Amino acid sequence: MRTLSGVKILHVVGARPNFMKVAPILAQLREREGVRQVLVHTGQHYDAKMSDVFFQDLGMPEPDVHLGAGSGSHAQQTAKVMVEIEPVLLRENPEVVVVAGDVNSTLAVALVAAKLGLRIAHVEAGLRSRDWSMPEEINRVLTDRLSQLLFTPSRDGDQNLAAEGIPEDRVHFVGNVMIDSLKAALPRARESRIHQRLELSPGGYALATLHRPANVDEPKALARLLSALAGVAAMLPVVFPVHPRTRARMQSFTAPGLKIIEPLGYLDFLALTAEARLVMTDSGGIQEETTALSVPCLTLRENTERPVTITDGTNQLVGSDPDRIVPAARQALSAEARPGRMPELWDGRAAERIARILVEGR
Ligand code: UD1
């Protein structure tokens, strides 16, 4: 794997949940002599609030290459990334291509790298919802199949990969790299002024996010979820930073107690999560962050690819029916906070393990 000029590692980020997974790996590898890093941004997410603010908050370097892929249908977006990344991979010819998570950019780059015969490392491998209606599930399964190095965040990932016949020597249980970012950023997040700005008292509000196509693309499904949030907002203030996909479909919905705001940066969002009485979400990453912060989380989906957040953490699946969500929120608000325990190897050192395996092979 080593060459005379050192090892070259090419990292790819594209969408919001990629940034906090790649930032700590970049930082770890920067410390290692003889490692050259290339950072590629596919441009799947491009708004300042969906991308730039995360680079600033996470202390990431400017991307070396920007593909400018942008939005589109799944085929358009995946194809655009594929066409744009191919000459970059040919020119850079890295020893390893590191992809993270389960977004369209992840699979698009893995497909091209595999056909060029490049080694692929997948960060956050092995997660499975077993729900093939989710585009992310397709992206996860195929990216894992194409990768030579599979870095899992939890033991269920190892089991899922073994069940799919992925050779054991490709799989490395390294822990959760998102929690590296969370632990590193928490002291700075505590200095955020977001609570004052939104006139919220710590521990006295709920935080909500919604962006899954199954929840927001269909007007009836979205209306039901918004009515559930309004039902919870009758009990305590609910802050709702709205993803652009959701915003485009919400029109002018309002409800007393519901604070509808623009998407937030990493530090402000972390500050709000850390002090929330309750979080309601359909995001994968937020299920993990609430577990790490011991904050009760209601997941507004029927399944999760992150079961450890339920068995070990503070997460509960409540689906998308207001008749289930509002009572579950009432119950969570009246109960003693469920502290949960930190899942194995969610210790802030996952990137260190990944860097070692990438460079030393063990
Ligand atoms: C993508 C990921 C999803 C991830 C989410 C996090 C896939 C299949 N989905 O979903 O797994 O949880 O990111 O946010 O890769 N838009 C903007 N500005 C932007 C980006 C998008 O306005 O910077 C709008 C566009 O109208 C776009 C829509 O949001 O069409 C959806 O964006 P897209 O990247 O296609 O999917 P997400 O819903 O963000």
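When a ligand or atom number is given, it counts from 1 through the structure's own listing order. All values reported here derive from a predicted model rather than from experimental measurement.
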Knowing that exactly one of T304, D156, N303, D144 qualifies, which makes a side-chain hydrogen bond (donor to acceptor under 3.5 Å, both in side chains) with R128?
-> D144
Would you say T290's side chain and Q287's backbone share a donor-acceptor pair under 3.5 angstrom?
-> yes
Please work out whether any backbone atom (N, CA, C, O) or any side-chain heavy atom from C-beta onward of E136 is under 4.0 Å from ligand 1, and answer side chain, backbone, both or neither.
-> side chain
Give me the one residue out of Q37, E92, E95 that meets side-chain hydrogen bond (donor to acceptor under 3.5 Å, both in side chains) with K8.
-> E92
Rounded to the nearest 0.5 Å, how far apart are CZ of R155 and CZ of F173?
-> 4.5 Å
Is the closest heavy-atom distance from A248 to ligand 1 below 4.0 Å?
-> no
Any atoms of ligand 1 less than 4.0 Å from a non-hydrogen atom of H211? List them with their elements.
-> 4 (C), 5 (C), 6 (C), 12 (O)
Salt bridge (Lys or Arg N to Asp or Glu O under 4.0 Å): pairs with one or both residues in residues 223-250, sequence neighbours excluded | D217-R245, D217-R249, R247-E262
What pairs of residues pass the side-chain hydrogen bond (donor to acceptor under 3.5 Å, both in side chains) test when at least one of them lies in residues 45-61, not counting sequence neighbours?
-> H41-S51, Y46-S71
Tell me: protein heavy atom nearest atom 2 (C) of ligand 1, and distance?
-> V103 CG1, 3.7 Å
Of the choices S73, G14, G70, S71, which has the non-hydrogen atom that lies closest to atom 30 (O) of ligand 1?
-> S71
Quick one: look at R245 and ligand 1, take heavy-atom pairs under 4.0 Å, and tell me if it's side chain, backbone, both or neither.
-> both
Do M342 and D312 come within less than 4.5 Å of each other through their side chains, counting heavy atoms only?
-> no
For atom 19 (C) of ligand 1, the closest protein heavy atom turns out to be Y46 CZ, 3.5 Å
Considering only protein heavy atoms, which is closest to atom 15 (O) of ligand 1, and at what distance to one decimal place?
-> N104 N, 2.7 Å
Rounded to the nearest 0.5 Å, how far does CZ of R140 lie from CG of D102?
-> 4.5 Å
Please say which of E288, E289, E344 ends up in a side-chain hydrogen bond (donor to acceptor under 3.5 Å, both in side chains) with N176.
-> E288
Shortest protein heavy-atom distance from atom 22 (O) of ligand 1, along with the residue and atom involved | P244 CB, 3.2 Å
What is the nearest protein non-hydrogen atom to atom 18 (N) of ligand 1, stated with its residue, atom name and distance?
-> D47 OD2, 2.9 Å
For ligand 1, does P17 get within less than 4.0 Å through its side chain, its backbone, both, or neither, judged by non-hydrogen atoms?
-> side chain
What protein heavy atom sits nearest atom 13 (O) of ligand 1, and how far off is it?
-> H45 CE1, 3.2 Å
Counting each atom of ligand 1 from 1 as listed, which ones have a heavy atom of H74 under 4.0 Å away?
-> 8 (C)
Heavy-atom side-chain contact between Y205 and H195 under 4.5 Å | yes
Please indicate whether any nitrogen or oxygen in N139 is less than 3.5 Å from any nitrogen or oxygen in ligand 1.
-> no
Just need the protein heavy atom nearest to atom 35 (O) of ligand 1, so name the residue and atom and give the distance.
-> Q77 NE2, 3.6 Å
